[in-house]
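This one's a predicted model, so the numbers in the text were calculated from it and none came from an experiment. Position 1 is the first residue of the sequence; numbering continues from there. The analysis underlying the following values was restricted to heavy atoms, covering all of them including side chains, and did not include hydrogens, waters or symmetry mates.
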Amino acid sequence: MTRTHSTWEFSDSDYQQIVLGRKEPSFSRRIDSPIRPEVVENDAVHDGTEARSEFESLTQDLHLSSKDDEFWWNSTGVSFHQLLIQNSYNSENRRSLLRWYAAFIIPALGPRPIRGEKPRFQPCPVADGSPIEYSLNWKETSSKQLVRFTIEATSATAGTPADLFNQNETLTLLSRLNKYGKMPKLDLKEFHIWKNEFYFSEDGAQRLLSRIPSGSPLSQIWIAFDLPHGQEPMAKVYFMPSLRCIESNIPNERLVFDTARICHGQYGTYNRCIDVLDSYLKASRDEPVIMAALDCIDSPDSRIKVYVQTRANSLNGAKRVLTLNGQLAGETVAKGLEALEELWSILFPLQTDNIGNAIVFPKNVYCGLAVELKAGQQFPETKLHLPFREFEGTDAKFCELLSTWFQKRSHAKFGETYRANLGRVFPKHDLGGTRGTHTFVSFSYTEKTGVYMTMYYSPRIFDAYLGESRDDFWQGYNDLWQKDST
């Protein structure tokens with residue numbers, strides 16, 4: 001039998017060189033006995049004993065720097081490992097990605113949470129306060145799914161006068177990845193443009209603090225990674241413009257558009273796409289820009305993504321935002337809308353003749369919209385984000401609905417195993433009795449991929465590993481976004 005080698009590799013020697021080469025003395029301690037986190041057997045995809053052995057074997061070789069790193073490895077490493085297994089990443093690829101994750105991501109998750117204690121700085125890429133959100137990308141025309149995750153990189157100085165808005169650790173992480181992460185495609189030119197426009201100086205941060213509404217999250221930047229099978233990770237960075245808007249008195253959309261225009265370069269300008277989105281926003285005055293993101297690669301396919309909090313809570317509303325008030329049209333768009341109707345009928349079965357206008361979300365809950373801009377293109381592409389975290393029902397019910405959808409779109413095996421696999425990824429979650437594991441599900445359609453969906457998951461760090469619940473930290477975002485739209 002021929003052994004298949006991954007194109008991309010992060011070897012044990014790569015890991016050892018990085019970790020043991022760090023100057024901090026805390027990195028000198030090796031874990032001499034294996035950590036034994038809960039690993040659930042997976043007979044369908046990968047023998048459970050073998051999976052446990054693989055994870056424990058790698059764990060024994062790690063040099064975790066502190067109790068913080070041990071906590072994050074125990075609480076997130078198993079889920080990450082299981083996501084890779086369930087989605088057919090081969091053994092070599094899994095071990096490379098786990099070493100890379102241990103070397104770079106674990107230290108960037110910052111101080112571990114302590115039961116009953118309020119942290120100096122609360123990261124919140126997830127509404128429940130978890131510092132990491134996993135996601136799984138599904139394409140109708142592909143037999144493989146893509147594992148991804150987003151973190152808010154956090155250091156021990158986050159929330160102190162030296163780094164009030166937790167800006168420094170993302171810069172540190174990207175710098176380390178650029179030097180040692182074996183990511184030759186990583187390109188930070190545009191990141192530094194956005195950093196220069198959105199980062200606060202130490203003095204500016206101190207002055208701004210008193211102007212921020214009480215309860216507002218202070219997060220300014222997140223970093224995400226796509227993990228193509230056998231290839232190097234691809235980084236994306238997300239910026240939150242609302243606090244910069246408060247500081248500068250410049251509207252969110254203008255801050256974002258002006259920064260995007262600075263990125264005009266060899267692949268053309270973003271002007272046409274910006275004009276289309278700007279036209280939509282002017283016609284939808286109460287739908288603010290809430291976030292912007294960029295791909296950290298030098299490529300004509302690199303995107304700037306602009307996120308909008310819409311007021312769509314019905315099928316017709318979803319169609320309106322997905323087409324940017326009808327500005328996007330054509331055969332591919334029509335096929336996408338037809339697929340959206342089919343998905344909608346599964347997620348929201350209604351007994352009414354007016355399905356298009358029926359409000360199906362809870363009060364004050366709406367779709368999110370991601371608008372993808374590419375340099376030189378005339379029209380942007382759009383993705384709809386459905387806020388599953390705020391829907392009625394349990395995660396088991398969401399699994400059932402999504403399973404029905406996947407099987408209906410000719411992905412029978414993926415649909416049939418979806419709930420069981422999610423249980424293996426999050427063995428501490430009560431999928432049948434609670435909700436909160438699914439955070440969002442995004443929907444789009446392209447000629448190349450057919451339906452393109454991403455399921456986003458919270459590790460639910462506080463209730464799963466500390467036995468306590470925390471506030472909905474995104475309520476402060478909702479208050480900020482309402483302010484932005486007035």
- Query: Counting N and O atoms only, with roles assigned by atom type, does the side chain of Asn93 sit under 3.5 Å from a partner on the main chain of Tyr89, one being a donor and the other an acceptor?
  - Reply: no
- Do the side chain of Ser314 and the main chain of Gly317 share a donor and acceptor less than 3.5 angstrom apart? yes
- Could you tell me whether the side chains of Ser130 and Arg460 share a donor-acceptor contact shorter than 3.5 Å? no
- Message: Determine whether a donor-acceptor pair (N or O, by modelled atom type, separation under 3.5 Å) exists between the side chain of Ser345 and the backbone of Glu342.
- Response: yes
- Query: Is it true that Lys182 and Asp14 have a side-chain N and a carboxylate O under 4.0 angstrom from each other?
  - Reply: yes
- Message: Ring-plane angle category for Phe462 and Phe473, please: parallel below 30°, perpendicular beyond 60°, tilted otherwise.
- Response: tilted
- What do you reckon, is CD of Gln475 surrounded by more than 12 foreign heavy atoms closer than 6.0 Å? yes
- Item | N-O pairing of Arg435 and Glu390 below 4.0 Å | no
- Distance-only polar pair, side chains of Asn137 and Thr454, donor-acceptor under 3.5 Å: yes
- Within the side chain of Asp187, is there an N or O that forms a donor-acceptor pair under 3.5 Å with the backbone of Lys189? yes
- Query: Taking 4.0 angstrom as the limit, do Asp472 and Arg389 come out as a salt bridge?
  - Reply: yes
- Task: Determine yes or no for a side-chain-to-main-chain donor-acceptor pair under 3.5 angstrom, with Thr439 supplying the side chain and Tyr456 the backbone.
- Result: yes
- Item | Within 6.0 Å of NZ in Lys195, more than 12 heavy atoms from elsewhere | yes
- Does His229 use its side chain to pair, donor to acceptor, with the backbone of Leu146 at less than 3.5 Å? no
- Paired with Tyr134, the side-chain contact (heavy atoms from CB on, under 4.5 Å) test is passed by just one of Val126, Thr150, Thr76, namely Thr76
- Message: Students often mix this up, so state it plainly: with edges at 30° and 60°, are the rings of Tyr199 and Phe191 parallel, tilted or perpendicular?
- Response: perpendicular
- Query: Between Thr157 and Thr160, do the side chains contain an N or O donor and an N or O acceptor separated by less than 3.5 Å?
  - Reply: no
- Task: Examine the side chains of Glu9 and Ser96 and answer whether a donor and an acceptor come within less than 3.5 Å of each other.
- Result: no
- Decide if atom CD1 of Ile250 counts as having more than 12 heavy atoms of other residues, nucleotides or ligands within a radius under 6.0 Å. yes
- Message: Could you check whether Ser79 and Tyr457, counting side-chain N and O atoms only, form a donor-acceptor pair closer than 3.5 Å?
- Response: no
- Task: Can you label the angle between the Phe398 ring and the Phe391 ring as parallel, tilted or perpendicular, going by 30° and 60°?
- Result: perpendicular
- Please say whether more than 12 non-hydrogen atoms of neighbouring residues, nucleotides or ligands are located less than 6.0 Å from CZ in Arg261. yes
- Message: Using 0.5 Å steps for rounding, measure from the OH atom of Tyr445 to the OH atom of Tyr452.
- Response: 15.0 Å
- Message: If we count only N and O atoms by modelled type, under 3.5 Å, do the side chains of Asn271 and His264 hold a donor and an acceptor together?
- Response: yes
- Message: Which label fits Tyr477 and Trp222: parallel for a plane angle under 30°, tilted from 30 to 60°, or perpendicular past 60°?
- Response: perpendicular
- Is the shortest distance from a Lys or Arg side-chain nitrogen in Glu247 or Arg244 to a carboxylate oxygen in the other one below 4.0 Å? yes
- Message: Within a 6.0 Å radius of atom CZ on Arg272, are there more than 12 heavy atoms belonging to other residues, nucleotides or ligands?
- Response: no
- Kindly assign one of parallel, tilted or perpendicular to the pair His429 and Phe426, based on the angle between their ring planes and the thresholds 30° and 60°. parallel
- Quick one: are the ring centres of Phe388 and Phe440 less than 6.0 Å apart? no
- So, the side chain of Thr141 versus the backbone of Lys448: is there a donor-acceptor pair under 3.5 Å, distance only? yes
- Is the Phe361 to Tyr366 ring centre distance short of 6.0 Å? no
- What class does the angle between the rings of Phe225 and Phe149 fall in, given that below 30° is parallel, 30 to 60° is tilted and above 60° is perpendicular? tilted
- Message: Would you compute the distance between atom CH2 of Trp194 and atom OG1 of Thr259 and round it to the nearest 0.5 angstrom?
- Response: 5.0 Å
- So, Arg470 and Glu468, do they make that salt bridge, N to O below 4.0 Å? yes
- Taking only Lys NZ, Arg NE, NH1 and NH2, and the carboxylate oxygens of Asp or Glu, determine whether Lys236 and Asp295 approach each other closer than 4.0 Å. no
- Message: Side chains of Asp301 and Tyr267: any donor to acceptor distance under 3.5 Å?
- Response: no
- Between Asn87 (side chain) and Gln145 (backbone), is there a donor-acceptor pair under 3.5 Å? no
- Query: Quick one: side-chain hydrogen bond (donor to acceptor under 3.5 Å, both in side chains) partners of Arg207, sequence neighbours excluded?
  - Reply: none
- With Glu287 as partner, the option from Arg311, Arg320, Lys282 fulfilling salt bridge (charged side-chain N to carboxylate O under 4.0 Å, His left out) is Arg320
- Would you find a donor on one side and an acceptor on the other, under 3.5 Å apart, between the side chain of Asn166 and the backbone of Ala153? yes
- Tyr270 six-ring face occupied by Lys374 cation (under 6.0 Å, within 45°): no
- Report yes or no: does Trp344 contribute a side-chain atom to a donor-acceptor pair with the main-chain N or O of Ala318 at less than 3.5 Å? no
- Query: Do the ring planes of Tyr465 and Phe71 sit parallel (below 30°), tilted (30 to 60°) or perpendicular (above 60°)?
  - Reply: perpendicular
